[in-house]
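Inspection log for the structure reproduced underneath, given as structure tokens.
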Amino acid sequence: MRFAPAPTGYLHLGSARTALFNWLAARSVGGTFLLRVEDTDLERSKPELIDVIYRALEWLGLDWDEDPIRQSSRIDAHQEAVDGLLAAGLAYWSDPVPESDRERTGGKAWDIADRDRGLGPGEGRAVRFRVDADALGVTEVGWDDAIRGPISFALANIEDFVIRRADGSPTFFIANAVDDAHMAVTDVIRGEDLINVTPKYLLLRQGLGLDASALRFAHLPLIVNEQRKKLSKRRDDVSLLDYRDRGYLSEAMVNYLALLGWGPPGGEEVCFDPLGVFPEVFRIGDVNDSSAFFDTQKLKFVNGEHIRHLGAAHFAERSRPFFESEPWSDRYHDETFALIAGEVQTRVETLAEVPGYVDFLFLADPEIDERSWDKAMVPEAAGWLDAVIDGVAEWPWQSSELYERTMALAETLGASRKKFQAPVRVAVTGRSVGPPLFESMAILGRDECLRRLGTARARLSDGTATTEPSGP
RNA sequence: GCCCCCAUCGUCCAGCGGCCUAGGACGCCUCCCUUUCAAGGAGGUAACACGGGUUCGAAUCCCGUUGGGGGUGCCA
């Protein structure tokens with residue numbers, strides 16, 4: 001099996017899924033997983049672009065078996081194949097037809113009459129493969145797709161296609177056919193969007209006398225967006241590594257990507273070791289044939305499950321990069337975070353959400369969310385805060401004590417527990433949602449809590465609470 | 001236009017002729033738990049696109065219709 005991406009500067013989600021399924025197929029049958037970089041376009045052979053692919057695959061944990069092949073390094077073999085086809089009369093030189101002259105070609109940019117002109121190499125002239133039922137001795141090309149069953153095309157519907165550009169470079173069609181044979185690829189697993197190039201590929205292999213008898217094809221369903229369209233660079237988030245930067249774990253990505261078009265038998269969708277477990281049960285023929293919507297809601301759920309499964313140390317370690325971009329990153333401490341990390345872990349779906357849950361621990365002053373403030377600071381809040389401030393000043397400094405005593409206070413004052421804790425929470429953390437309040441206060445310390453409660457209480461006295469714009 | 005592929009809850013996956021009054025998961029809703037929000041637990045909502053066949057029997061097989069998608073490059 002092989003994965004053959006073109007270097008575009010990022011690894012596309014769909015490509016990542018194709019790579020994964022190739023990898024799974026290979027690992028499930030003890031086969032070989034090879035990489036071939038399709039850089040026949042000279043602009044696409046920049047080393048840094050290729051490196052991105054390796055880094056993305058490594059992030060996913062997909063290992064390959066031999067040194068990757070650069071298609072650009074195989075140009076001689078491709079040229080040789082083109083020459084062979086030319087010599088056998090299965091290919092011919094073709095001139096471009098200018099826009100103004102396309103009436104005679106039925107609007108086509110090339111002229112089928114070139115087939116018999118016996119043209120030689122020349123300026124602007126490309127080589128086309130001759131899709132000719134008589135010459136090839138067939139009227140149909142087809143194959144038995146591992147996922148879709150029999151697929152066939154009438155030769156009459158396939159046009160003569162370019163195998164060598166005017167600039168001398170081989171095209172994807174010929175390079176593909178030649179290199180797959182060279183690499184002894186037995187299973188071609190790729191996206192559904194390549195179904196229609198398969199007949200060309202088959203014809204070329206036949207024309208070149210390359211054995212294709214052992215070849216198996218499997219065309220994966222496309223991954224689509226909410227509009228049911230193929231994921232596009234323009235309007236969808238298609239770069240795999242961007243998901244890493246948004247706080248998704250690689251195991252979760254692998255897990256979710258595998259669920260697009262396939263499901264582990266038994267229905268246990270969330271798998272904490274997909275790379276270890278899935279190869280045992282994966283069969284390429286089980287992949288289904290209709291397109292799959294890339295559902296970030298479910299991705300988030302899967303990611304959340306994987307985050308919760310992380311050990312405390314791992315969670316902290318993998319969260320760390322996400323603190324670096326915070327304005328308070330220089331005040332961050334591992335030790336402080338470790339005290340609350342477990343509580344954060346059950347509340348986030350992506351690692352990127354982590355800083356938002358603990359910023360108040362590291363900020364000199366909590367950033368007050370005005371909506372939370374307005375909601376929490378009911379008319380009784382001033383009195384409640386006064387009572388809490390008195391208590392906080394002398395209560396034993398333990399979260400359990402703070403909890404018990406605050407709740408007792410709420411009861412004494414005839415307030416509901418929920419409403420009573422809200423002003424305290426906003427005063428101390430700036431928000432109405434967050435990790436458990438009393439643990440947070442215990443970590444912050446008595447003096448700091450008193451200071452923040454005092455600040456909030458003072459603001460209430462100003463009477464400008466609901467009209468004052470938020471600070472810088 | 002032409003060629004090709006696809007069609008089960010809103011979404012993903014099961015189902016490969018009887019076990020289906022269609023199952024699981026995400027989402028959504030309700031309840032429980034509860035210092036907020038989560039997590040967790042218990043329920044609920046919701047689908048075989050349509051029409052013809054084949055068959056004792058069809059979500060499952062065949063044909064057609066409709067709908068969706070992909071391709072139609074001297075990109076890959």
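Protein chains get the first letters and strands the later ones, always in sequence-line order, with residue 1 at the start of each. In this text, all values refer to a predicted model and were calculated from it rather than measured experimentally.
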- request: Under 4.0 Å between any heavy atoms, over every strand shown, what does Ala126(A) touch: base, sugar-phosphate, or nothing? Just pick one.
  value: base
query: Counting only side-chain N and O atoms of Arg128(A), is one of them less than 4.0 Å from OP1 or OP2 of C74(B)?
result: yes
message: Can you see if the side chain of Lys230(A) gets near the phosphate of G71(B) - specifically, an N or O under 4.0 Å from OP1 or OP2?
response: yes
task: For the pair Phe153(A) and Trp143(A), name the ring-plane relationship: parallel under 30°, tilted 30 to 60°, perpendicular over 60°.
output: parallel
message: Counting only Watson-Crick pairs (N1-N3 plus N6-O4 or O6-N4) and G-U wobbles (N1-O2, O6-N3), all under 3.5 Å, who is the partner of C61(B)?
response: G53(B)
- request: Could you check whether Glu305(A) gets within reach of a base, just the sugar-phosphate, or nothing at all, counting any heavy atom under 4.0 Å?
  value: sugar-phosphate
- request: For Leu437(A), answer base if it contacts any base atom (sugar-phosphate contacts may also be present), sugar-phosphate if it contacts only those atoms, and nothing otherwise; contact means non-hydrogen atoms under 4.0 Å.
  value: base
- request: Would you tell me if any nitrogen or oxygen in the side chain of Lys418(A) comes within less than 4.0 Å of OP1 or OP2 on C37(B)?
  value: yes
query: Using the P atom in both, what is the distance from C37(B) to G23(B), to the nearest Å?
result: 33 Å
- request: Have a look at Ser152(A) and say if it touches a base, only the backbone sugar-phosphate, or nothing, with a 4.0 Å heavy-atom cut-off.
  value: sugar-phosphate
G-U wobble or Watson-Crick pairing nucleotide for C12(B) (cut-off 3.5 Å, both distances): G24(B)
message: Can you check the distance between A76(B) and G71(B), where both ends of the measurement are the P atom (answer in whole Å)?
response: 15 Å
Side-chain N or O of Asn288(A) closer than 4.0 Å to phosphate OP1/OP2 of A7(B): no
